[in-house]
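Quick note: numbers below take in every heavy atom, side chains included, and nothing from hydrogens, waters or symmetry partners.
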Amino acid sequence: MCAVGAARAADEPLSLSMAVMPPRVLQAAISPDGRYVAAIATEGVGGLTLIDTESLKRRRVDSGRWANYGSSRYYKEPRQVRWINSELMAIDYGLEAEARDLDGKLVRRLGAAVIGKALANEPESPLVLVFEDEDHEEVARVDARTGRRQRLSVPMSGKPTRWAFDEQGELRAVTMSSAGFWADTAQLSHWYRSPLTERWEKLLDFKVTDDTWRPLAAETADNRLIVLSRQGRETYAVFAYDPVQGKLGEMLAGHPTEDLYVLDELQSGQYESVVTHGMKPQRHWFNGRWAGLQKAVDEAMPGHVNQLSGDPQGRVLVFSYADVDPGRWFLLDSRTMGMRLLLEAAPQIQPAQMRPMEVIRYAAPDGLSIPAYLTRPAGAAGPRPMVVVVHGGPAARDHWGWNAEVQLLATRGYVVFQPQFRGSAGFGKSFEQAGNGQWGLAMQDDISAGVEHLISQGIADPRRICIYGASYGGYAALWGLIKTPQLYRCAVTLSGVSDIGERLTDWSDTNADKASRELMRFHLGVQDPARLDQVSPLKHAQRIQAPLLIAHGDRDRRVPVGHSQRMMKALDLHKKPYEWLELENEGHSIRLLRNLYKFDAALIRFLDTHIGTPPAAASAPP
């Protein structure tokens, strides 16, 4: 009976209510002494829970409360927890951060947000680094026990955007952004405060579009910086930087084809691991004890990304997730190698019911190799209906791991194809820069080539393919119907760009910031209105033949809702079919649960209507 039940469960689609349900546990962290695990939960009243790692007893220490913030009133609930030492936790509430003890009692107010520990090599130190203001322009070092704080000075030359501290929590490097009132571009500069002079000195002026290094940390003993750079190479690696000579030194850690993604304990300059972020993240330890534990955990839980933290000689917290698993936290006793389940991010999800995410590559028309994720439905082999999901950005990327929307579609019989077209970030400098000036051109051709590849492989049914995306992905969905109408039977655009030229002048938050505006124009590669009109869906609405679902948040500041409103007017003018879904009180991303349910329900209904019919009943797209 159990086997039959399991088989039946594996064939059932992921329900909409389960897909949109927020995780029951958002985050967890283990104390320096290994005695407690603190977890941010959402189930019940939500809040902060402490788990005794010896008895496994749990107690809620902070459930949130109503509070005043300026002239507003909001519900102040824990959003993130990190340990200051074994007796104090730093709780981030979104608008402010506080230090609380093991009973949840307020000890000190810290500031707007916590950056991290000031003394990375002293686990029981009460000193933390914080942002004092919402704009993250003022930094202080605070004693979480006494409340004593020291504001750290920055150069008087604009707004700080990046920070780097030394092993004592002193601010040693900062990146500043400045733009004159009449200037249309932003000027960036790297600054360094030497431990020998304690004076701020400018190291480098550069433009927002320049591919320069980023400060990560400082080492006072060697009077050098630790930076992230891909100068002279394809991928980001960690280098030493000599501020006296003004040049990069030795490479400390790097990978030839994958960017370094996360670095541990950089303030000490003695980091123990790095993470490479290719199509699937992988952690590389330089500490032999940690490396052995990682190997053992990976062998015990294959097919998962297993993140380890804690004491390699004592208790270790393991967060394990996969493409079919939203994630679980385990407590590992490194002395006995016994491991116990502590928490589940989404216990309603059954991994056996989910579909694995494959990594594939295919050739673009010009021969460029394009990486992609492919999630296939269960059942017999053969051509299946397919949804092409295009990520936003476009200088962004998709990631390997649990994705509720992908599983919502795949468990309903749809192949889900996620192309990482040129211009996507994380696949090398040349690959990313190959997307500059290619909106609607080579970037779109990369997507089309992937669709044609999957048709030729007998994976996708050519009569039942829909293209869907948000933001830039929404643009690509619209343009796909216009540029390659033979490929798609329908399209879905969420918060999509319809007029590229309008992006240069609209009232978006991108245009409100000079650095962001300059970077956007750089990626577009051309500002000639006639050239932009050639690849703007709004200017070619009459060419759309297939059904279209348009959804947009009425408070979107990244891509204002006017993009969709004008597109609908153009479609009306040419009597083209579409469905409209307004997401009330929503911005660029869907954050409200009711809107997420509303959109996903409309998405499923639209797909089932237009590409969910059996092949014999489906007609070829016009």
Looking at [X] and [Y], would you say the former's side chain and the latter's main chain have a donor-acceptor pair under 3.5 Å?
X	Y	answer
Ser334	Gly314	yes
Tyr321	Gln307	no
Ser86	Asp33	yes
Tyr468	Leu603	no
Arg355	Val406	no

Tell me, which pairs form a salt bridge (charged side-chain N to carboxylate O under 4.0 Å, His left out) where one or both residues lie in [range], sequence neighbours left out?
range	result
residues 78-97	Lys76-Glu96, Glu87-Arg145
residues 345-354	none
residues 285-297	Lys295-Glu299
residues 385-412	none

Side chains of [X] and [Y]: does their closest heavy-atom pair fall under 4.5 Å?
X	Y	answer
Arg100	Val61	no
Arg328	His304	yes
Leu48	Ile40	yes
Ile459	Phe417	no
Val114	Leu129	no
Gln168	Leu119	yes
Arg376	Glu358	yes

For residues [X] and [Y], report the shortest heavy-atom separation together with the two atoms involved.
X	Y	value
Leu102	Leu50	O-CD1, 3.3 Å
Leu592	Asn585	CD1-O, 3.6 Å
Ala29	Val81	CB-O, 4.1 Å
Ala90	Leu110	CB-CD1, 4.0 Å
Leu593	Pro22	CD1-CD, 4.2 Å
Pro385	Gly413	CG-O, 3.7 Å

Which residues pass the salt bridge (Lys or Arg N to Asp or Glu O under 4.0 Å) test with Asp556, not counting sequence neighbours? none
Residue list, salt bridge (Lys or Arg N to Asp or Glu O under 4.0 Å) with Glu584, at least two apart or on another chain: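 Expected list: none.
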Identify, with sequence neighbours excluded, every residue that meets ring pair (Phe, Tyr, Trp, His ring centres under 6.0 Å) alongside His277.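 Expected list: Tyr261, His399.
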Could you please spell out the steps behind the side chain to side chain contact (heavy atoms under 4.5 Å, CB included) verdict for Met279 and Tyr373? CA-CA 8 Å; Met279 292 299 279; Tyr373 295 109; 3.5 Å; yes
From the options His255, Arg283, Glu258, Gln282, select the one residue that forms a side-chain hydrogen bond (donor to acceptor under 3.5 Å, both in side chains) with Thr276.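 By the side-chain hydrogen bond (donor to acceptor under 3.5 Å, both in side chains) criterion, Thr276 pairs with just one of His255, Arg283, Glu258, Gln282: Glu258.
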Qualifying residue for side-chain hydrogen bond (donor to acceptor under 3.5 Å, both in side chains) with Asp52, from Arg58, Lys57, Arg35: Arg35
Would the number of heavy atoms belonging to other residues, nucleotides or ligands and lying under 6.0 Å from CZ of Arg361 be above 12?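 Count over threshold, so yes.
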Take atom CZ of Arg591 as the centre, draw a 6.0 Å sphere, and report whether it contains more than 12 heavy atoms from other residues, nucleotides or ligands.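 Atom CZ in Arg591 is not crowded, with 12 or fewer foreign heavy atoms closer than 6.0 Å.
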Pair Asn306, Ser320: side-chain N/O donor-acceptor within cut-off below 3.5 Å: yes
Tell me whether the rings of [X] and [Y] are parallel (<30°), tilted (30 to 60°) or perpendicular (>60°).
X	Y	result
Trp290	Trp285	parallel
Phe421	Tyr472	tilted
Phe165	Trp163	parallel

Interatomic distance, [X] atom [atom1] to [Y] atom [atom2] [nearest 0.5 angstrom]:
X	Y	atom1	atom2	value
Leu252	Leu216	CG	CG	10.0 Å
Trp83	Lys117	CH2	NZ	12.0 Å
Met21	Ser15	CE	OG	7.0 Å
Leu225	Trp213	CG	CH2	5.5 Å
Met354	Asp325	CE	CG	10.5 Å

Ile370 and Phe431: side chain to side chain contact (heavy atoms under 4.5 Å, CB included), yes or no, with the steps? CA-CA 9 Å; Ile370 308 297; Phe431 190 89; 3.9 Å; yes
Go through the structure and list residues passing side chain to side chain donor-acceptor pair (under 3.5 Å) with [X], not counting sequence neighbours.
X	result
Glu137	none
Asp62	Arg65, Tyr93
His136	none
Arg151	Glu132, Glu138

Working note: Arg230 + Glu432, criterion salt bridge (charged side-chain N to carboxylate O under 4.0 Å, His left out); need CA distance, chi angles, decisive distance, verdict. CA-CA 12 Å; Arg230 61 181 183 184; Glu432 181 178 336; 3.3 Å; yes
Between Thr42 and Arg24, does the side chain to side chain donor-acceptor pair (under 3.5 Å) criterion hold? Intermediate values first, please. CA-CA 5 Å; Thr42 60; Arg24 295 188 183 182; over 6 Å; no
Assess whether salt bridge (charged side-chain N to carboxylate O under 4.0 Å, His left out) is satisfied between Glu170 and Arg141, documenting all intermediate values. CA-CA 8 Å; Glu170 292 287 351; Arg141 186 169 54 244; 3.2 Å; yes
Could you point out which residue of Val174, Thr175, Ile226, Leu228 forms a side-chain contact (heavy atoms from CB on, under 4.5 Å) with Pro215?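 That would be Thr175.
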Under 3.5 Å donor-acceptor pairs involving side-chain atoms of residues 335-346, not counting sequence neighbours:
unit_1: Arg335; atom_1: NE; unit_2: Asp333; atom_2: OD1; d: 3.2
unit_1: Thr336; atom_1: OG1; unit_2: Gly338; atom_2: N; d: 3.2
unit_1: Arg340; atom_1: NH2; unit_2: Thr53; atom_2: O; d: 3.1

